[in-house]
Novice: 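Below is the structure I would like to discuss, written out as structure tokens.
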Amino acid sequence: MTNAESLPVNEDAGQSNRAVGSEAVAGTLLEIRGLSKAFPIRGSDKVVQACSDITLTVRRGETLGVIGESGSGKTTLGRCVLRLTEPTTGEILFEGLDLARLSQRRLREARREMQIVFQEPFDSLNPQMTVGRQVTEPLRIHTDLTRAERHDRALTLLGQVGLPPSAVDLLPRTLSPGAQQRVSIARAIATDPKLIVLDEPTSALSPEAETEVITLLQDLQQRLGLTYLFISHDLDLVRSVCDHVAVMYLSQVVEFGDREAVFSNPRHPYSRALLASVLVPDIPSAEGAARAERLKGEIPSPIDLPVGCYLASRCPHVVDRCRGERQELATVGMGHQARCWRACEGEI
């Protein structure tokens, strides 16, 4: 963690608000039901399907990792949860409250409980606003604190993320990427939220800064009781910090389960191929080779999605039923699900 006395510097200078049957399950903070997002194509009646029929549960105080290739829909999912992107269909139940049905006024109130940390820290900060102003902006919007009280709160927040009080008057460009991301985290925790979406929060950082930021996020989670939706390409990082993992492929969640169940015994052919593409030190090479899948061909277009399994054209286990039958996320073990009928029936 950054020493409080030294600051890293960039050397380069009206509807019912609760859905029927949506009361929060004990221990559950966020429940996503049947969420889909389609982006219309201008001048066409076709759409780009970014998220399809996603159903997930996130428990209080835990971290749900979301992994998959670029274009799989991970970031869209995170933005839809906060309604930064409007979902096309589905429910987003936050403590039983359906965010997808809230008016803009009620949504603004609810957002005090939910925040986001973006991938590129510099791009997510206003280059013309001081660190102090940016950290206190959520307080200005969501609280009745006076200007002096907001300033005091900013100093406290900077200390919580390992930055010295002097940072309050600096501009983002004078900070290193790691320090910029600390500012983003301070801003995210300003209103004492319960849920934070972390969208590739360390991908723009050096290995040393990444380690420091991850340690900070884990420490804040323990001290503040935070719940994280952690979106990442870094599979080793997800395995080390997440409690549960959702694997996305071409807009769908194709596998979900406990971290070790997904990483040690992936059941969906896409999950096997994805996880076998990186070196996992504690899995014997023979086991890794046995579970590895070789996917051939190109990823189908998100505009013209297949009728059956979205992986059918690339999967080595495909049979006719896969091409014509819609795949559902179903149980393959205790708390472990896969969107593959052959895996669910024990055929692969």
Novice: Can you tell if the side chain of Val262 reaches within under 4.5 Å of the side chain of His336, non-hydrogen atoms only?
Specialist: yes
Novice: Any donor-acceptor pair under 3.5 Å linking the side-chain atoms of Thr63 with those of Gln221?
Specialist: yes
Novice: Please check this pair: side chain of Glu255 against backbone of Arg267, looking for a donor-acceptor N/O pair closer than 3.5 Å.
Specialist: yes
Novice: Distance from Arg314 atom CZ to Leu250 atom CG, nearest 0.5 Å?
Specialist: 9.0 Å
Novice: After noting the C-alpha distance and the side-chain angles of Phe94 and Leu195, does the key distance pass the side chain to side chain contact (heavy atoms under 4.5 Å, CB included) rule?
Specialist: CA-CA 9 Å; Phe94 182 80; Leu195 172 71; 3.9 Å; yes
Novice: Between Glu95 and Arg60, does at least one N-O distance fall below 4.0 Å, as a salt bridge requires?
Specialist: yes
Novice: Starting from the C-alpha separation in whole Å, work towards a yes-or-no answer on side chain to side chain donor-acceptor pair (under 3.5 Å) for Gln337 and Thr331.
Specialist: CA-CA 4 Å; Gln337 299 175 306; Thr331 299; 4.6 Å; no
Novice: Report yes if some heavy atom in the side chain of Ile32 is under 4.5 Å from a heavy atom in the side chain of Thr55; otherwise report no.
Specialist: no
Novice: Side chains of Thr136 and Arg150: donor-acceptor distance under 3.5 Å anywhere?
Specialist: no
Novice: Kindly say whether Ala343 contributes a backbone atom to a donor-acceptor pair with the side chain of Glu345 at under 3.5 angstrom?
Specialist: no
Novice: Is the backbone N or O of Val253 less than 3.5 Å from a side-chain atom of Arg339, with the two atoms forming a donor-acceptor pair by type?
Specialist: yes
Novice: Is a side-chain N or O of Ser264 found less than 3.5 angstrom from the main chain of Ala261, in a donor-acceptor match?
Specialist: no
Novice: Quick one: does any side-chain atom of Gln181 pair with a main-chain N or O of Pro201 as donor and acceptor, under 3.5 Å?
Specialist: yes
Novice: For Arg239 and Asp236, what are the C-alpha separation, side-chain angles and deciding distance, and is it a salt bridge (charged side-chain N to carboxylate O under 4.0 Å, His left out)?
Specialist: CA-CA 5 Å; Arg239 189 175 193 182; Asp236 288 336; over 6 Å; no
Novice: So which of Arg153, Arg112, Arg223 actually passes salt bridge (Lys or Arg N to Asp or Glu O under 4.0 Å) with Asp192?
Specialist: Arg153
Novice: Do Leu205 and Thr211 touch side chain to side chain, with heavy atoms closer than 4.5 Å?
Specialist: no
Novice: To the nearest 0.5 Å, how far apart are CG in Asp243 and CZ in Arg259?
Specialist: 6.5 Å
Novice: Using modelled atom types and a 3.5 Å cut-off, is there a donor and acceptor pairing between side-chain atoms of Arg272 and backbone atoms of Pro266?
Specialist: yes
Novice: Return yes if a side-chain donor-acceptor contact under 3.5 Å exists between Ser203 and Gln119, otherwise no.
Specialist: yes
Novice: Could you tell me the separation between the CG atom of Leu216 and the CZ atom of Arg182, rounded to the nearest 0.5 Å?
Specialist: 5.5 Å
Novice: Among all residues two or more places apart in sequence or in another chain, which pass the ring-ring contact (aromatic ring centres under 6.0 Å, His included) test with Tyr270?
Specialist: Tyr249
Novice: Can you sort out the partners of Thr76 under side chain to side chain donor-acceptor pair (under 3.5 Å), two or more places apart, ordered by chain and number?
Specialist: none
Novice: Hey, does the side chain of Arg111 reach the backbone of Leu82 with a donor-acceptor pair shorter than 3.5 angstrom?
Specialist: yes
Novice: Show me, pair by pair, the donor-acceptor contacts under 3.5 angstrom made by side chains of residues 36-45, not counting sequence neighbours?
Specialist:
residue, atom, partner, partner atom, Å
Ser36, OG, Asp53, N, 2.9
Lys37, NZ, Glu86, O, 2.8
Ser44, OG, Lys46, N, 3.0

Novice: Quick one: does any side-chain atom of Arg187 pair with a main-chain N or O of Val131 as donor and acceptor, under 3.5 Å?
Specialist: no
Novice: Please name all residues satisfying salt bridge (Lys or Arg N to Asp or Glu O under 4.0 Å) with Glu69, sequence neighbours left out, ordered by chain then number.
Specialist: none
Novice: Using atom types as modelled and distance alone, determine if a side-chain donor or acceptor of Glu113 lies under 3.5 Å from a backbone N or O of Glu109.
Specialist: no
Novice: How many angstroms lie between OG1 in Thr227 and CE in Met114, if you round to the nearest 0.5 Å?
Specialist: 12.5 Å
Novice: Is any side-chain heavy atom of Phe263 closer than 4.5 Å to a side-chain heavy atom of Leu275?
Specialist: yes
Novice: Rounded to the nearest 0.5 Å, what separation is found between the CD1 atom of Ile92 and the CG atom of Leu97?
Specialist: 11.0 Å
Novice: Rounded to the nearest 0.5 Å, what separates atom NE2 in His317 from atom CD1 in Ile348?
Specialist: 4.5 Å
Novice: Contact between Gln134 and Pro172 at the side-chain level, heavy atoms closer than 4.5 Å - yes or no?
Specialist: yes
Novice: Just grab all the ring pair (Phe, Tyr, Trp, His ring centres under 6.0 Å) pairs involving residues 217-244, residues at least two apart or on different chains.
Specialist: His244-Phe256
Novice: What residues form a side-chain contact (heavy atoms from CB on, under 4.5 Å) with Thr146, not counting sequence neighbours?
Specialist: Ala148, Glu149
Novice: So, does Ser176 use its side chain to make a donor-acceptor pair with the main chain of Ala179 at under 3.5 Å?
Specialist: yes
